[in-house]
Amino acid sequence: YEIHLGSWLGKVDGRFLSYEEIAPRLISYVKEHGFTHVEVMPVTQYPFDGSWGYQVVGYYSIDSRYGNPKQFMSFVDQLHQAGIGVILDFVPVHFAVDPHGLARFDGSAVYEYDNENEYSQWGSKNFDLGKDPVRSFLMSSVNFFIEKFHVDGVRFDAVSNVIYWDGNCDRGINQGAVDFVKRVNYKMHDMHSDVMMIAEDSSAYGQVTKGNEGLGFDYKWDLGWMNDTLSYLKRDPIYRKWHHHDVTFSMAYFYSERFILPFSHDEAVHGKATIVDKMWGSYEDKFAQARALYVYMFTHPGKKLNFMGNEIGQLREWDEQKSCDWFLLDYPMHDAFEHLCEDLGKIYTENDAFFDQDYDPSRFCWIDADNVGQNTFSFIRRGSKKDFVIIMNFSTNPYDHQQFGVPCKGKYKEILNTEWDKYNGNLKGH
């Protein structure tokens, strides 16, 4: 569950809730929805609210908006006692240019490149990751949060901008930066073997999650899956048959890396529309397809990441100054959608077919990946004790008397249908 601490619940009596105050409310919520970890957007100190924490000045400072270091320690400890892991978002590519920060630290380019014009695409300064003092500074910062605050994982932001100059593969590989990433992953794994290192990487660079010759991350965000799937569902269903591969393509490369399927904050801002609002059609159509989308996400191999507000079908784009639109739960469509997300979380965490060894090719099998005319897909997820058959209908047409193969003879129980009336669908009695 990806969260921006300030806008999850918003301000109360004109102030942000502290880390300690947020923790018990967050624990109750994430356990109810079946989340196993919370990914916190950057809590290193940053001056500008609108940067969401991605324009950092204090790489060893806890964001004072929500309290002090001991309060953040309490936040992490409370989540751990409840069996919930904490992943921290980290910004290794660039830093804010505010004069009280790292820019021109002693009057010279200590942390940035010597070229005064070498700004990032965000108007900040790029770290010169080829310098050993810079590498030491950032590696020690990562270690500081693991060692002192006991976070369970670190998500590296904008890894494509580490691999390539300005994130542009046409400019070539930034070898000094690549060597830094390999080094930090090696050192963190050597010192903290149980900590996850995660790459938010939009590039096609190979072996991001491989050791030795690769970059050494444990997981990589599958932004290709996210883009292809959402692009498919934005289309009018009558045109989807020409884009059938947008759904099936992910399994052609899935086993090349250890992927996380993300619907992150980046998909709910800057005029992109929220996840539900991206869907084609009317209000009812959007929710019907979003329900199918989330079943597809939760049953597809790979770990999952979902940004706050997605699970209630938020229609307004995220604003760091406002809380999630919790009032939407007073409306049947949104309330039903949240119940679907709760049920999916429970099915996912209670059945090892969906989370254990999901990077093993023998745990997944297409039944029918080629029903282009009807926009349907079917596949099997295999577990240690149970197999699950997933039938996806991404058209707007109901299909009766459909035939599909199953792993073996026997009785099969329907455990979830997005058209049940409990999810605001058209099938009564559920």
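Residue numbers run from 1 in the order of the sequence given.
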**Q** Pairs in or reaching into residues 270-279: which pass side chain to side chain donor-acceptor pair (under 3.5 Å), with residues at least two apart or in two chains?
**A** none
**Q** Which of these, Val93, Val91, Val142, sits in a side chain to side chain contact (heavy atoms under 4.5 Å, CB included) with Phe156?
**A** Val142
**Q** Tell me if the OH atom of Tyr255 is crowded by more than 12 foreign heavy atoms within 6.0 Å.
**A** yes
**Q** Just checking Lys322: does its NZ atom have more than 12 heavy atoms from other residues, nucleotides or ligands closer to it than 6.0 angstrom?
**A** no
**Q** Can you see which heavy atom on Gln71 is nearest to which on Tyr66, and at what distance?
**A** OE1-O, 4.3 Å
**Q** Counting distance only, does the side-chain N/O of Ser141 pair as donor-acceptor with the main-chain N or O of Tyr59 below 3.5 Å?
**A** yes
**Q** Can you list every pair that meets side chain to side chain donor-acceptor pair (under 3.5 Å) and has a residue in residues 80-101, with sequence neighbours left out?
**A** Tyr54-Asp89, Asp77-Gln81, His80-Asp152, Asp89-Arg155, His94-Ser124
**Q** Determine the minimum heavy-atom distance between Leu293 and Phe394, stating which atoms define it.
**A** N-CE2, 4.1 Å
**Q** Hey, is the main chain of Met226 close enough, under 3.5 Å, to the side chain of Thr229 for a donor-acceptor pair?
**A** no
**Q** Test your reading of the model: is there a side-chain donor-acceptor pair from Asn375 to the backbone of Pro237, 3.5 Å cut-off?
**A** yes
**Q** I'd like to know if the side chain of Asp190 and the backbone of Tyr186 have a donor-acceptor N/O pair within less than 3.5 Å.
**A** no
**Q** Set out, in order, the CA-CA distance, both residues' side-chain angles and the distance that settles side-chain hydrogen bond (donor to acceptor under 3.5 Å, both in side chains) for Gln121 and Asn161, then state yes or no.
**A** CA-CA 10 Å; Gln121 66 193 64; Asn161 288 66; 3.0 Å; yes
**Q** May I ask you to check whether Phe254 and Tyr359 place their ring centers less than 6.0 Å from one another?
**A** yes
**Q** State which residues pass salt bridge (charged side-chain N to carboxylate O under 4.0 Å, His left out) with Glu32; sequence neighbours excluded, sorted by chain then number.
**A** none
**Q** Hey, is the main chain of Asp285 close enough, under 3.5 Å, to the side chain of Gln289 for a donor-acceptor pair?
**A** yes
**Q** So, does Glu311 use its side chain to make a donor-acceptor pair with the main chain of Gly309 at under 3.5 Å?
**A** yes
**Q** Considering residues, nucleotides and ligands other than Glu213, do more than 12 of their heavy atoms fall under 6.0 Å from its CD?
**A** no
**Q** Could you tell me which non-hydrogen atom of Arg135 sits nearest to which non-hydrogen atom of Leu129, and how far apart they are?
**A** NE-O, 2.7 Å
**Q** First locate atom CZ of Phe379, then atom CD1 of Ile390, and finally report the distance between them rounded to the nearest 0.5 Å.
**A** 4.5 Å
**Q** So, Arg291 and Glu419, do they make that salt bridge, N to O below 4.0 Å?
**A** yes
**Q** Using the benzene-type ring in the case of Trp, are the ring centres of Tyr219 and Trp221 under 6.0 Å apart?
**A** no
**Q** Should Asp132 and Arg183 count as an ion pair when the cut-off is N to O under 4.0 Å?
**A** yes
**Q** Could you pull out the closest heavy-atom pair between Val151 and Leu88, with the gap in Å?
**A** CG1-CB, 4.3 Å
**Q** Walk me through it: do Tyr60 and Phe145 pass the test ring-ring contact (aromatic ring centres under 6.0 Å, His included)?
**A** CA-CA 8 Å; Tyr60 293 80; Phe145 281 94; 7.6 Å; no
**Q** Just how far is it from atom OG of Ser160 to atom CG of Asp201, taken to the nearest 0.5 Å?
**A** 5.5 Å
**Q** Step by step, would you call Glu350 with Lys386 a salt bridge (Lys or Arg N to Asp or Glu O under 4.0 Å)?
**A** CA-CA 11 Å; Glu350 292 173 1; Lys386 297 178 183 178; over 6 Å; no
**Q** Using 0.5 Å steps for rounding, measure from the CE atom of Met392 to the CG atom of Asn371.
**A** 13.5 Å
**Q** Determine whether a donor-acceptor pair (N or O, by modelled atom type, separation under 3.5 Å) exists between the side chain of Ser51 and the backbone of Phe48.
**A** yes
**Q** Checking Ser74 side chain against Glu20 main chain: does a donor-acceptor pair fall under 3.5 Å?
**A** no
**Q** Would you find a donor on one side and an acceptor on the other, under 3.5 Å apart, between the side chain of Asp352 and the backbone of Ser384?
**A** yes
**Q** Is NZ or CZ of Lys304 both nearer than 6.0 Å to the six-membered ring centre of Tyr348 and within 45° of the ring axis?
**A** no
**Q** To the nearest 0.5 angstrom, please state how far the CG atom of Asn417 sits from the CD atom of Glu414.
**A** 4.5 Å
**Q** What pair of heavy atoms forms the shortest contact from Glu257 to Val208, and how long is it?
**A** OE2-N, 2.8 Å
**Q** Under 3.5 Å, which donor-acceptor pairs link side chains of residues 242-250 to any protein atom two or more places apart or in another chain?
**A**
from   : atom 1 : to     : atom 2 : distance (Å)
His243 : NE2    : Arg235 : NH1    : 3.4
His244 : NE2    : Ala369 : O      : 2.9
Ser250 : OG     : His300 : NE2    : 2.8

**Q** Examine Tyr29 together with Trp8 and report whether their ring centres are nearer than 6.0 Å.
**A** yes
**Q** Mind checking what makes side-chain contact (heavy atoms from CB on, under 4.5 Å) contact with Ser7, not counting sequence neighbours?
**A** His4, Met308, Trp318
**Q** CG of Asp218 to CG of Asn185: how many Å apart, nearest 0.5 Å?
**A** 7.5 Å
**Q** Looking at Trp280 versus Tyr232, is the centre-to-centre ring distance below 6.0 Å?
**A** no
**Q** Is any side-chain N of the basic residue among Glu112 and Lys131 closer than 4.0 Å to the acidic one's carboxylate O?
**A** no
**Q** Would you check if the distance from the ring center of Phe287 to the ring center of Phe337 is below 6.0 Å?
**A** yes
**Q** Closest approach of Tyr423 and Leu416, non-hydrogen atoms and distance?
**A** OH-CD1, 3.7 Å
**Q** Strictly under 6.0 Å, is that where the ring centroids of Phe137 and Phe105 end up?
**A** no
**Q** So Tyr111 and Phe95, would you call those rings parallel, tilted or perpendicular, with 30° and 60° as cut-offs?
**A** perpendicular
**Q** With a 4.0 Å cut-off, would you call Asp358 and Lys303 a salt bridge?
**A** yes
**Q** Below 3.5 Å, can you tabulate the donor-acceptor pairs from side chains in residues 169-178 to any protein atom, sequence neighbours excluded?
**A**
from   : atom 1 : to     : atom 2 : distance (Å)
Arg171 : NH1    : Asp166 : OD2    : 2.6
Asn174 : OD1    : Gly176 : N      : 3.4
Asn174 : OD1    : Ala177 : N      : 3.2
Asn174 : ND2    : Tyr113 : OH     : 3.1
Gln175 : NE2    : Asp179 : OD1    : 3.1

**Q** Let's go through His33 and Glu338 carefully: what are the C-alpha distance in whole Å and the side-chain angles of both, what is the deciding distance for side-chain hydrogen bond (donor to acceptor under 3.5 Å, both in side chains) to 0.1 Å, and is it a yes or a no?
**A** CA-CA 9 Å; His33 288 77; Glu338 188 201 28; 3.0 Å; yes
**Q** Inspect the contact between Lys422 and Asp343 and indicate whether a charged nitrogen and a carboxylate oxygen are less than 4.0 angstrom apart.
**A** yes
**Q** How are the rings of Phe354 and Phe388 set to each other: parallel, tilted or perpendicular (split at 30° and 60°)?
**A** tilted
**Q** Classify the ring geometry of Trp366 against Phe364: parallel below 30°, tilted from 30° to 60°, perpendicular beyond 60°.
**A** perpendicular
**Q** Does atom NZ of Lys182 have more than 12 heavy-atom neighbours, drawn from other residues, nucleotides or ligands, at distances under 6.0 Å?
**A** yes
**Q** With a cut-off of under 6.0 Å to the ring centre and 45° to the axis, is Arg65 in cation-pi contact with Tyr46?
**A** yes
**Q** Spell out, as yes or no, whether a donor-acceptor pair under 3.5 Å connects the side chain of Lys31 to the backbone of Ala82.
**A** yes
**Q** With ring centroids as reference points, do Phe307 and Tyr1 lie under 6.0 angstrom apart?
**A** no
